[in-house]
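Okay, structure first, notes after.
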Amino acid sequence: MRGTREFALYLEETADLLSLKDGNFFRIRAYRDAANTLMHTEEELSRIAEGEDGRHFEGIGAGMISKIREYLSTGDFREHSELLEKVPRGVLEIMRIPKLGPKKTRVLFEKLGITSVEELRKSIESGRLDSLAGFGDKTVSNILEGIKQLEIYSARILISEADEIASAVLERLRGIRGVKKAQAAGSLRRRKETEGDIDILYTGKRPAREIHEDFIKGLKKKEVISLGEKKASFIWEGSCQVDLRYIEEDEWGAALQYFTGSKEHNVALRKHAVRKGLKVSEYGVFRGGRKIAGKTEEEVYNSLGMQYIHPELRENMGELAAAAAEELPELVAPGDIKGDTHVHSLYSDGTDSIEEIARAAKDIGYEWIAICDHSVSLVIANGLDEKRLMEKKKEIERVRANIRGIDILCGQEVDIRKDGTLDYPDDVLEKLDFVIAAVHTGFTDPEDIITGRIIKAMSSPYVTAVAHLTGRLINEREPYAVDVPRIIDEAARTGTALEINANPQRLDLYYYYAKLAREKGVRLAIGTDSHHRGDLGAMKYGVSVARRGWLEKKDVINTMGAGALRKFLAKKRAGLKEKAGGRA
DNA sequence: GCCGTTTTCGGCCCGACTGTTTTCAGTCG
């Protein structure tokens, strides 16, 4: 799987290099399509190369198969290595500057020999671009601004930050005279984990340019990127690009569909439409010159002979075929959630007492909550030894008696030690209602070591779920090396749940692994990893990941009532003890 | 380079905004 991803990146790079060399447009796209397919599969690269010349993988044909084979035996393939000899990687970096594409980058490289962003900046300062055809004053100043943007805004923002920005922009927009309805589209509406920019659509009864001009009053001039009749782009409070788009009322559905994406979903949808003799654009669905749909999204999908597809599913991962066959899943929804599986209290590194947490959970409408503090090894987070753990258990019993209507589970987030053993002995684990096992050490160990630790932990009858499986912190820390598909298989075998960590900086398990887990019959546990009761609201981000992973209510243990949940917890213990010969 | 309900060749998704080349190319989504 690791090899698959690296190979996909090489394909992507080959496409970039070809575009600089003025390669055939469709050939370049074929490389990108193949890269995209491989980015979204869990299949081993060697398995793909074995298969019936890869026919069942979209965009992987005989040519790609032979490149895969070459890559598997040599670590690279000829087209890629030869192109890289001719074009330094620094040139690819230049192409990432906003408003610089392959054509202009190529001119800079071939006419002036510029091979890095830094060199480009110096060349502009020394006036080397002044006499270059196609590089007027405006273009040059845009490049300088683009270099700054590349540095400042290159990190994608978290979905939680994007939600805040979108709310603020929507509030401002709705306050402008003539604006009727307004809504966020784009990756934010698909609830993608991070956003590169934010798309806002609106309808209005005043010329859009006037509305745009009203909107940008108060923004700094350099924050305004473009200002057109239908679209305006700007940087919101120095952090993120926002695009506003004016939409005609009767084209709302088509526009919302189009600007929600994903790009891959839309391309596939349009191909599907073409096969049916129809044309889809952001203005509607057309047969010949006649518009047959466009007012609502439902209408758009229905006119193409398929069910409405929820935005979270629109990643071209099989949703079009499922919608055409009326086989889309009934996605789990925020209202289905009856409890949170991962909350820290004052006992370790949280800020609230168990009673405060329980009352907050009850206010949300939960039926139960699992208080999972850190275990003894995690000294830095005030991990609990056995004595304090028993105090915590007693306190939970006291609070349980005090607050009616919510079940409090005594849980722990138990460290998986370096050797794969758990941080408490079995007789202590047995006293807990809910155990999530987690890796907090050895992040740089190789894949087989970390995978082995987790698999060993899952074999314990007391481990309910594995927390934040890859350990990534978005924009801060890369995931550790772990063979997720193997762990999913093992989770299925042992009846262990896998956590979807709902903290917006983690969102780990990733949605495509959640989908794989569902396909293998593994249950998912959504935990907010809250350290303050105000963080319990992060549940919605976990639910979004679940929805993006095609999960239904029955796939998510948070939808169980307290009684059903306790039965589920007992089942794994009983099952694994039985397999161990009934001696445990 | 991929692909097939116009099928082994000849197509391959669609449109807006910007800047500059006064009729369009490049970039972006």
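Residue numbering restarts at 1 for every chain, and letters A, B, ... go by the order of the sequence lines. All figures in this text were calculated on a predicted structure; none of them were measured in a lab.
- Within the 4.5 Å cutoff, no side-chain heavy atoms of A:Q183 are placed close to those of A:Y202.
- Ion pairing between a basic and an acidic side chain is recognised when a charged N comes within 4.0 Å of a carboxylate O; A:K67 and A:E79 show such pairing.
- Within the cation-pi definition used here (under 6.0 Å to the ring centroid, within 45° of the axis), A:K230 does not qualify as a partner of A:Y246.
- For the pair A:A133 and A:Y283, nearest-nucleotide mapping onto DNA chain B gives the more 5' position to A:Y283.
- In this structure, a donor-acceptor pair under 3.5 Å is absent between the side chains of A:N266 and A:E264.
- Close to B:dC14, at under 4.0 Å from its OP1 or OP2, lies no side-chain N or O of A:N266.
- One can place CZ of A:F26 at 12 Å from C1' of B:dC2, the figure rounded to the nearest angstrom.
- One interatomic measurement links the two molecules: CD of A:Q257 to C1' of B:dC14, which rounds to 12 Å at whole-angstrom precision.
- For the P atoms, the distance linking B:dC28 with B:dT23 amounts to 25 Å, nearest Å.
- Going from atom CD of A:E251 over to atom P of B:dA16 covers 10 Å, rounded to whole Å.
- If you look at A:F77 and A:Y71, their ring centroids are not closer than 6.0 Å.
- B:dT7 sits 15 Å from B:dC12 when the P atoms are compared, rounded to a whole Å.
- Within 6.0 Å of CD on A:E125 lie more than 12 heavy atoms contributed by other residues, nucleotides or ligands.
- When only modelled atom types and interatomic distance are considered, A:S160 and A:E164 share no side-chain donor-acceptor pair under 3.5 Å.
- As a whole-Å value, the separation of A:K230 NZ from B:dT18 P is 14 Å.
- Comparing the same atom, P, in B:dC2 and in B:dT6 gives a spacing of 23 Å after rounding to whole Å.
- For B:dT8 and B:dC14, the P atoms lie 23 Å apart once the distance is rounded to whole Å.
- The distance from atom CG of A:D33 to atom C1' of B:dG1 is 9 Å, rounded to the nearest whole Å.
- Taking atom P in both B:dC17 and B:dC13, the straight-line distance is 23 Å, to the nearest Å.
- Residue contacts shown for A:K276 are absent, as no nucleic acid heavy atom lies under 4.0 Å away.
- Listed by residue number, the members of residues 110-121 of chain A with any heavy atom below 4.0 angstrom from DNA chain B form an empty set.
- Atom CG in A:D137 sits about 11 Å away from atom P in B:dT21, given to the nearest Å.
- Look at A:Y246 and you won't find any side-chain N or O under 4.0 angstrom from OP1 or OP2 of B:dC17.
- Residues A:Y301 and A:Q257 bring a donor and an acceptor atom of their side chains to less than 3.5 Å of each other.
- Within the 4.0 Å cut-off from OP1 or OP2 of B:dC13, not a single side-chain nitrogen or oxygen of A:S281 is found.
- Counting to the nearest Å, the P atom of B:dA16 and the CD atom of A:E248 are 12 Å from each other.
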Polar atoms only, N or O, under 3.5 Å: list the protein pairs with nucleotides 27-29 of chain B and their distances.
| unit_1 | atom_1 | unit_2 | atom_2 | d |
| --- | --- | --- | --- | --- |
| B:dT27 | OP1 | A:G101 | N | 2.7 |
| B:dT27 | OP1 | A:G101 | O | 3.2 |
| B:dT27 | OP1 | A:K104 | N | 3.0 |
| B:dT27 | OP2 | A:K103 | N | 3.1 |
| B:dT27 | O5' | A:G101 | N | 3.3 |
| B:dC28 | OP1 | A:K99 | N | 2.5 |
| B:dG29 | N2 | A:Y258 | OH | 2.3 |
| B:dG29 | N3 | A:Y258 | OH | 3.4 |

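- In this structure B:dG19 sits in a base pair with B:dC24, meeting the Watson-Crick or G-U test at under 3.5 Å.
- Using C1' as the reference atom, B:dT22 and B:dT18 are 15 Å apart when rounded to the nearest Å.
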Sort me out a list of protein N/O and nucleotides 5-8 of chain B N/O pairs below 3.5 Å, or just none if empty.
none

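- Atom CZ in A:R106 sits about 16 Å away from atom P in B:dA25, given to the nearest Å.
- Residue A:R32 places none of its side-chain N or O atoms closer than 4.0 Å to OP1 or OP2 of B:dG1.
- With DNA chain B read from its 5' end, the first of the two nearest nucleotides for A:R27 and A:E229 is the one closest to A:R27.
- A:T260 and A:R189 share a donor-acceptor pair across their side chains, judged by distance under 3.5 Å alone.
- Only the P atoms considered, B:dT20 is 13 Å distant from B:dT27, to the nearest whole Å.
- Annotation: cation-pi geometry not satisfied between A:R191 and A:Y541 (NZ/CZ under 6.0 angstrom from ring centroid, within 45° of ring axis).
- Side chain of A:E299 to main chain of A:G294: a donor-acceptor pair is present (N/O by atom type, distance under 3.5 Å, no hydrogens or angles).
- By the neighbour-count criterion of 12 heavy atoms within 6.0 Å, atom NZ of A:K181 is densely surrounded, having more than that number from other residues, nucleotides or ligands.
- Looking at A:R472 and A:D508, no side-chain N of the basic residue comes within less than 4.0 Å of a carboxylate O on the acidic one, giving no salt bridge.
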